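Notes follow the structure.
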Amino acid sequence: MRPGSPETLQHPYDPTRIESRWSQEWEARGVFTPRPGGKPFVISIPPPNVTGSLTMGHLLGESLRDLILRWQRMEGREVLYLPGMDHAGIATQNVVERQLEERGTRREDLGREEFVRQVWAWKEQYGGLILKQLRRVGTSADWSRERFTLDEDYSRAVLTVFLDLYGKGLIYRGRYVVNWCPRCQTALSDEEVDKVEREGSLWYIRYPIKGTEKFVTVATTRPETMLGDTAVAVHPKDRRYAHLVGKVAVLPLMRREIPILADEMVDPKFGTGAVKVTPAHDAADFQTGKRHGLPEIIVIDERGVMNENAGDFRGLDRFEARQKVVESLTDAGYIEKIEKHMLAVGQCSRCDTIIEPMLSWQWFVKMAPLAAPAIEAAKRGQVKFYPARWRKVYLYWLENIRDWCISRQLWWGHRIPVWYRGDEMVVSIERPAGAGWRQDEDVLDTWFSSWLWPFATLGWPERTPDLERYYPNSLMVTGSDIIFFWVARMIMAGQQFMGQVPFPHVFFTSILRDSQGRKMSKSLGNSPDPLEIMERFGADAVRFTLIYLTPTGQDLAFDEKRIETGKFFANKIWNAAKLVQMRLGDEDLGPIKESALRLTLADRWILSRFANAVKDISRFLKTYRFNEAANALYHLAWDDYCDWYLEMAKPRWTEEADPEDRRVARWVAWKVLDGILRLLHPFMPFVTEEIWQALPHDGEMLALASWPKAKRAWVDAAAEREVAFLQELVVAVRNLRVENNIAPGRRVPIVVRGTHEQLALIEQLQSQIMPLARIETLTLARDGARPPVAASAVVRGAEVFLPLEGLVDLDKERERLVREADKLLSDLENTRKKLRNQDFLAKARPEVVERERVRLANLEETLEKLKRAQDSMRTAQR
RNA sequence: GGGCGGAUAGCUCAGCUGGUAGAGCACCUGGAUCACAACCAGGGGGUCACAGGUUCGAGCCCUGUUCCGCCCACCA
C-alpha cells in the first residue's frame, strides 16, 4: 500500500494541467508496451492517412479502442495497440501537387524521382501530425512498433503479395472500361466512386436508317458520347424493332455507318427501347461491344477533353461538348425530345469530379476466389460483426463482388513490380538482369497495401515472433464506411496469406453527424476542431461523453454542449475524491482487514451496489454496449456513491463520532472510490490516474492496476431493499418540506408510524438520515397517536408526519393530499381491473399476478392512510 | 430498382429476453450548508409516427402506411 499525496487534488479541477503530465508518464514508464504474462489482446489501428489530422470521428474511434485496451490491460491481458499510418496515394500526392502549384511548378517538371523525393520530404516534415494528436487523447499505443505502409519492410510485403497472386493467376492485366477521374488523372476502383443522385436530361436522338427515310430513336443522358457510338442495340424479343435488326444506321454528325443489333442487355421498357452503344465510354456498352466485336472509339481523353476522333468537337471539354453536340443535333433536326431525368452520376470520392468511364490498360485482382473463404468465415461465425446487421451488408458485397482495379496512374505509392522489354514481361520485385528493362509506370491502390495491415505490420512475410504472438488480432474497431474498402479485404487477405481471419470480432462505431444530421466532414467544415474541444473540456471529458452518447450502431448527432456531461462528471469525481482524501486523516488503511470491520447497513448497501455495478459494467463491456457501461458507472458514482453514501458517511467522520465506526466509514468510502476509479479509468484515464495516485493505493499505476472483481460476498439484496426504503423516506420528508414552504435551513421534527421492521431500519441509520432531510427530532412510534396538525405522506405503508402547528398551511396541505390520492386512484383502478380479469389470472405468470396483488394491497393501504390524513385535517380545522 | 436503419418529454437520446415509460440538457421553484454553484433539494412535461393484428398484457413481436437518413445497383 502506498500513501496518497495530500498536497494534490487542488480546487478547482483543471484537466489540462494533469492530462499532459500523465501522457508522458505512461509512455516513460512503458505502460503501453505489451507486458508478457497474460494472453495477448491485440488491436491494430485503422491507419489514418499520413496527410490526416484528427477529426471528431477519430476521437470517437480512439476513445472506444482505448476503452477496450485499458480495460483488457487491467484484466491482465498482454495488450498491444499497434499504431501507424497509411501513405494515402491520391490524397498525399494531391497535397504535394498543390504545394508545387503555389510555387508555379508541376510534378511533370520535376520528374518522377524528384517528385517522390519531395513527397517523402513533406512526409518527414508535416506527415504524422495525427499520431502526435492521438497522444493527446491518451491512446495507449506501443509507439515503438509504429508502422507506415511505405516502410521498406511493409513494401516488401505488398510486392510479395502481388507476386503471389500473380503466380496464382489472381492478378491480370487487361484493357477495360474503368472509372477514370479526369482531375486526379488516374483509374479508380468501384468503391472509390460515389454515386450522387442528380437531375439531368434524357435526350431522344434520331438515328437515320441507311437507305430509307426512316430513323430509329435512341435515348441517352450523355449525348456527347454519341460521337463514339459504334452500334445501336435493341432487345432481341422486342417486336417493335425486330425489322431493324441487321440494318445499318447512320450516326448523325459523324456520318458513320453503324449496325443495328440485338442484345439481351437492352431494357425494352426504358426510353425508346433502342440504345446507342459506345464501347469505349460505358462499361455496359463495352461488354456489348465485346459480344458483337464492335470497334471501340475513344472520343474523350484522360483530361476529359474531346480528342481527334470527335470531329468538329475536338478540343472541347466534355460538358461543353455535350451542349454543342445537342445544339448541332437540334439544328439538324435530330433531337426528337428532351425529358427531365433523375440519374446517379459517379463522383471521385477524393475530389468530387465526375467520373469518366474510360477504356484503358489496367491491373486487376480476380476477387471471386478470394471472396469465397471470406463468405464462409462470416457464415461459420469465425468473424462476427457488431452490430450484427453488418453481416448481411458484408455478405451481399462479397457474393456480388467484382474484380478490383488496383493500378493507379500516380507516382506516390508502391510501384507495380512488373518489367517490360519489347514483347517480354517479367513480374519481379527486383529489376531483371540484362539491359533495357522498363518498369511499369503505375503504382498500386493504397488499399492494396492496407488490406495486409493486421499481419504486414507484424513483419510478414517473415515469421517474426511478433507475428506468431499477435496474429490474429483480437478485435477490429472501425467505421462502417470502410467495410468494403478495408474490413472485407483484410478478411480476404488474412485468410489468403495467413490462413485465418485477422480478427474474430469487428465492432463498427457510430458515424458522427452535426446538429442538422449531416455527416461530419472536413470538406463540409461542420466538424468542431477536436484539439480545441479537448483544450476546453479535457480529453477525459470528451472521451467519456462520446462513449456515453454513442448508441451501439446508431449514428450520433453531435452537439458540443453535451461534452459538458463528461466535464461535469470528471469534476464530480474530483471533488468526491477531495472530500474522501480530507476525511481519511492520517489513518493507515493498509492493514485493515475487511472481516474485522463492523459494517453498517449503509456500508453493506454501497458495497452491494458496487458489486452489482461491477458485474453489469463488465457484462456491458464484453457485449460492446459501451454507452450502457458508461451510464451504469455514471449512476453508481454520482447517485449512489456521492449523493447517498458520502452524505450518509459524513456524520460518521466527525470528531464526535465513534472512532471505531469512523474507521469503518473511512475504509468503505476509500475502498469504493478506489473501485470506481478502476472502473472509470478506461473511460477517463487521466483524472482517475491523478486521483488514484493522490489516495492510498496498491501498486505503481492505475493504468496497470487490476480490474475490480464483482465480489459475491458484497451482494446484499436485503441491504439494497432496506436502504431504498430509507431513501424514499428521506425524499418524502424533503417533499413535505418543499410543499409546505419550510425554509431550507430550518430543522423540523418528524414522526414516523410504521411496522417494527421499518422502525428498526430507521433506527439503524437514524443519525445518518436526519441531516439528509434536515430533521431536528425523529420520533418513531409503532402505534403512537398521529399528531393533530401535521403534513403527512405514506412510504411503503409507513406514515410520515411533519407536525408543525402554525407552519403548515392547512388548506394547501389538504389540497395536496387530495392531489396525491388522485394520482393513486387511476393506478388503483387499473390494477383492480387487471386482477378481475380471469384471463390474466389464468394465463399470466404466477409471479406477475402476485406482484399485481402486492401492488394493489400497497395502493389500497396508502390510499387509506391518505384518506385518514385528510380526515384528521378536517378535524384539526374545527 | 433492391436492402438497411430511424421516428419515445422542448432538444439529444436510453429502454436487455413483451409486465402499464427513463437519463442528460433546457425550463420552473428554493438554496452561498465547511467535496463540488462544473453544485444541492424539489417540480412540471410523453394517445412511445400512423393504422391494423398477435397476446391476459405491446414502446418492445407481426403486417401495412407515411416521413427522415444511409448503403448497394451497367434502365443507357
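Scope of the values below: all heavy atoms of this structure, side chains included, with no hydrogens, waters or symmetry mates. Residue numbering restarts at 1 for every chain, and letters A, B, ... go by the order of the sequence lines. These numbers were taken from a predicted model, which means no experiment stands behind them.
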TODO: Start with the C-alpha gap between A:Arg747 and A:Glu776, add the side-chain angles, then the distance that decides, and say whether salt bridge (Lys or Arg N to Asp or Glu O under 4.0 Å) holds.
DONE: CA-CA 5 Å; A:Arg747 295 184 178 279; A:Glu776 188 171 40; over 6 Å; no
- Query: Given the rule in the side chain to side chain contact (heavy atoms under 4.5 Å, CB included) test, do A:Phe385 and A:Tyr394 qualify, once you have shown the distances and angles that lead to the verdict?
  - Reply: CA-CA 9 Å; A:Phe385 298 96; A:Tyr394 167 90; 3.5 Å; yes
Quick tally for nucleotides 54-62 of chain B: nucleotides whose base has a protein heavy atom under 4.0 Å get B, sugar-phosphate-only ones S, the rest -, giving --B------
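For A:Arg734, the listed nucleotide lying nearest its side chain is B:rG42; candidates were B:rG42, B:rA35, B:rG24. Taking every side-chain heavy atom of A:Lys392 into account, B:rG3 is the closest of B:rA35, B:rC16, B:rG3.
For A:Lys650 and B:rA35, a side-chain-to-base donor-acceptor distance below 3.5 Å is present, hydrogens and geometry of angles not being considered.
Under the salt bridge (charged side-chain N to carboxylate O under 4.0 Å, His left out) criterion, A:Arg240 pairs with A:Asp238, sequence neighbours left out.
Contact check on A:Arg562 versus A:Glu560 returns no salt bridge, with no Lys/Arg side-chain nitrogen under 4.0 Å from an Asp/Glu carboxylate oxygen. With salt bridges taken as basic N to acidic carboxylate O contacts below 4.0 Å, none links A:Lys567 and A:Glu564.
Phosphate proximity of B:rA35 to A:Arg583: present, with a side-chain N or O under 4.0 Å from OP1 or OP2.
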What protein N or O atoms touch nucleotides 71-76 of chain B N or O atoms at under 3.5 angstrom, if any, and at what distances?
| residue | atom | partner | partner atom | Å |
| --- | --- | --- | --- | --- |
| B:rA73 | OP1 | A:Arg402 | NH2 | 2.9 |
| B:rC74 | OP1 | A:Arg402 | NH1 | 2.6 |
| B:rC75 | O2 | A:Asp267 | OD2 | 2.5 |
| B:rA76 | OP2 | A:His341 | NE2 | 3.4 |
| B:rA76 | N6 | A:Asp267 | O | 3.0 |
| B:rA76 | N6 | A:Phe270 | O | 3.3 |
| B:rA76 | N1 | A:Asp267 | N | 3.1 |

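Taking the six-membered ring where the residue is Trp, the centroids of A:His235 and A:Phe270 are separated by 6.0 Å or more.
A donor-acceptor contact closer than 3.5 angstrom links the side chains of A:Thr217 and A:Glu336.
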